Student: 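The following block contains the structure, expressed as structure tokens.
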Number of protein chains: 2
Amino acid sequence: MEKKQNYSRKREAILKAIQGTTCHPTAEWVYQKLKPEYPDLSLGTVYRNIAQFKNDGTIISVGTVNGQERYDGNIQPHTHFVCSCCGAVIDIPGNFISLDANVEIAERYHLRIDSSEVLFHGICSNCLQRQKPL
Amino acid sequence: MEKKQNYSRKREAILKAIQGTTCHPTAEWVYQKLKPEYPDLSLGTVYRNIAQFKNDGTIISVGTVNGQERYDGNIQPHTHFVCSCCGAVIDIPGNFISLDANVEIAERYHLRIDSSEVLFHGICSNCLQRQKPL
DNA sequence: TCAATAATAGTAATCATTCTTGTTTCTGTT
DNA sequence: AACAGAAACAAGAATGATTACTATTATTGA
Ligand SMILES: [Mn+2]
Ligand SMILES: [Mn+2]
Ligand SMILES: [Zn+2]
Ligand SMILES: [Zn+2]
């Protein structure tokens, strides 16, 4: 039996904040973003609802950058670039892993693959420009 | 001028522990592994030396699983599978991203790519077997 | 309206990692 | 071997992100 889920204005706002940006925000970013409109919002509420969204598959985690987890409201398979200078996480359209590869690896190693992701690491264009004028 | 690096028996042991396993250990794992032979080893020393190795490029980080960073003494480009059940990190030989793709993406988005990695998520063979007899 | 239950704010607790400080170990030189 | 300066260390405190707890408030369906 599934648990009943009541409506909550704050939950909706948290989801929309994550879905409405491409910056792959942290929980803290969402909290600061919504604080003006919801002055009594609690950081724990942001974390609790994010955990639910992740669990439902409504959002995904892009991993941890500088000790903070980054989330993504875009659940279509796509690729990410992480700037090791400023921590920006940038979308790279396209899926670099073929479905065939997934199936072959799963069979060869006797494991079940649920998802695959590609990550590029480097320096983003902003940070490159800022480093130039030496 | 580069900083002089003195020899340290513990540093060597920490590096060998990481290079001598394919389990992609945590700092805590390394600490527990070496504790019997080095009873006065400090967890801080493990972290400090790991940070150095990472900085030198002697080892790499495979990312964070269940809140703990995982390290890899194999710095050849290869692929990883992360079990979402038990947290195991397993090597998958092979590099799925062509060098050409790196160059093309770097040019198109005006950024510098230093490395690329592929990550599979799913259930490992051990956990699959344990789940079967229901 | 009203009782049952879900969600929240505020705060305390947890846990991985980093920092600080006083001590010990290395290393090159007498 | 003894010495001095630099590097590494142990132990424990501090930090910071995340989670857990609890008393209160909001939502829901009858
Ligand atoms: Mn994205
Ligand atoms: Mn590996
Ligand atoms: Zn950047
Ligand atoms: Zn497993």
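In what follows, every chain begins at residue 1, and chains take the letters A, B, ... in the order their sequences are listed. Keep in mind that this is a model prediction, so the values were computed, not measured.
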Student: Can you see if the side chain of A/R9 gets near the phosphate of D/dA26 - specifically, an N or O under 4.0 Å from OP1 or OP2?
Tutor: no
Student: What is the distance, to the nearest angstrom, from the NZ atom on A/K54 to the C1' atom on D/dT19?
Tutor: 12 Å
Student: Tell me which nucleotide among C/dA16, D/dA8, D/dA10 gets nearest to the side chain of B/S42.
Tutor: D/dA10
Student: Between A/V65 and A/W29, is there shared hydrophobic-cluster membership here, with clusters defined by ILVMFWY side-chain heavy atoms closer than 4.5 Å?
Tutor: no
Student: Using a cut-off of strictly less than 4.0 Å, decide whether A/S8 has a side-chain nitrogen or oxygen near OP1 or OP2 of D/dA26.
Tutor: no
Student: Using the rule that two of Ile, Leu, Val, Met, Phe, Trp, Tyr join whenever any of their side-chain heavy atoms come within less than 4.5 Å, decide whether A/L111 and B/V118 are in one cluster.
Tutor: yes
Student: What is the nucleic acid contact for B/E28, judged by heavy atoms within less than 4.0 Å: base, sugar-phosphate only, or nothing?
Tutor: nothing
Student: If you assign each of B/P39 and A/G44 to its closest nucleotide in DNA chain D, which residue comes earlier from the 5' end?
Tutor: B/P39
Student: In whole angstrom, give the distance that lies between atom CG of A/N49 and atom C1' of D/dT19.
Tutor: 14 Å
Student: Closer than 4.0 Å, any side-chain N/O of B/R48 to the OP1 or OP2 of C/dT18?
Tutor: no
Student: B/K4 side chain N/O closer than 4.0 Å to the phosphate oxygens (OP1, OP2) of C/dG28?
Tutor: no
Student: What nucleotide among D/dC9, C/dA16, C/dT27 has an atom nearest to a side-chain atom of B/Y7?
Tutor: C/dT27
Student: Check whether the side chains of A/H121 and B/E117 place a donor and an acceptor atom closer than 3.5 Å, and report yes or no.
Tutor: yes
Student: Starting at OH of A/Y31 and ending at C1' of D/dG16, how long is that distance when rounded to a whole Å?
Tutor: 15 Å
Student: Might you point out which heavy atoms bring B/D72 and B/H80 nearest each other, and give the distance in Å?
Tutor: OD2-NE2, 3.0 Å
Student: Would you mind reading off the distance between B/E12 atom CD and D/dC9 atom P, rounded to a whole angstrom?
Tutor: 12 Å
Student: Taking only N and O in the side chain of A/N6, is any of them less than 4.0 Å away from OP1 or OP2 of C/dT8?
Tutor: no
Student: Is the distance from OP1 or OP2 of C/dA9 to the nearest side-chain N or O of A/T45 less than 4.0 Å?
Tutor: yes
Student: To the nearest angstrom, how far is A/L41 atom CG from C/dT11 atom C1'?
Tutor: 15 Å
Student: Over how many whole Å does the gap from B/D40 atom CG to C/dT25 atom C1' extend?
Tutor: 11 Å
Student: What's the CD-C1' distance between B/Q68 and D/dT19, to the nearest Å?
Tutor: 16 Å
Student: How many whole angstroms separate atom CZ of B/R70 from atom P of C/dT17?
Tutor: 11 Å
Student: With a sphere of 6.0 Å drawn around CG of A/N66, does it hold more than 12 non-hydrogen atoms of other residues, nucleotides or ligands?
Tutor: no
Student: Between A/Y47 and D/dT19, does any side-chain N or O lie under 4.0 Å from OP1 or OP2?
Tutor: no
Student: Measure from the side chain of A/K10, starting at C-beta and using heavy atoms only, and say which of C/dA9, D/dA10, C/dT17 lies closest.
Tutor: C/dA9
Student: Less than 4.0 angstrom between a side-chain N/O of A/Q5 and OP1 or OP2 of C/dA7, yes or no?
Tutor: yes
Student: Do B/I60 and B/I14 sit in the same hydrophobic cluster, where Ile, Leu, Val, Met, Phe, Trp and Tyr count as joined when their side-chain heavy atoms come under 4.5 Å apart?
Tutor: no
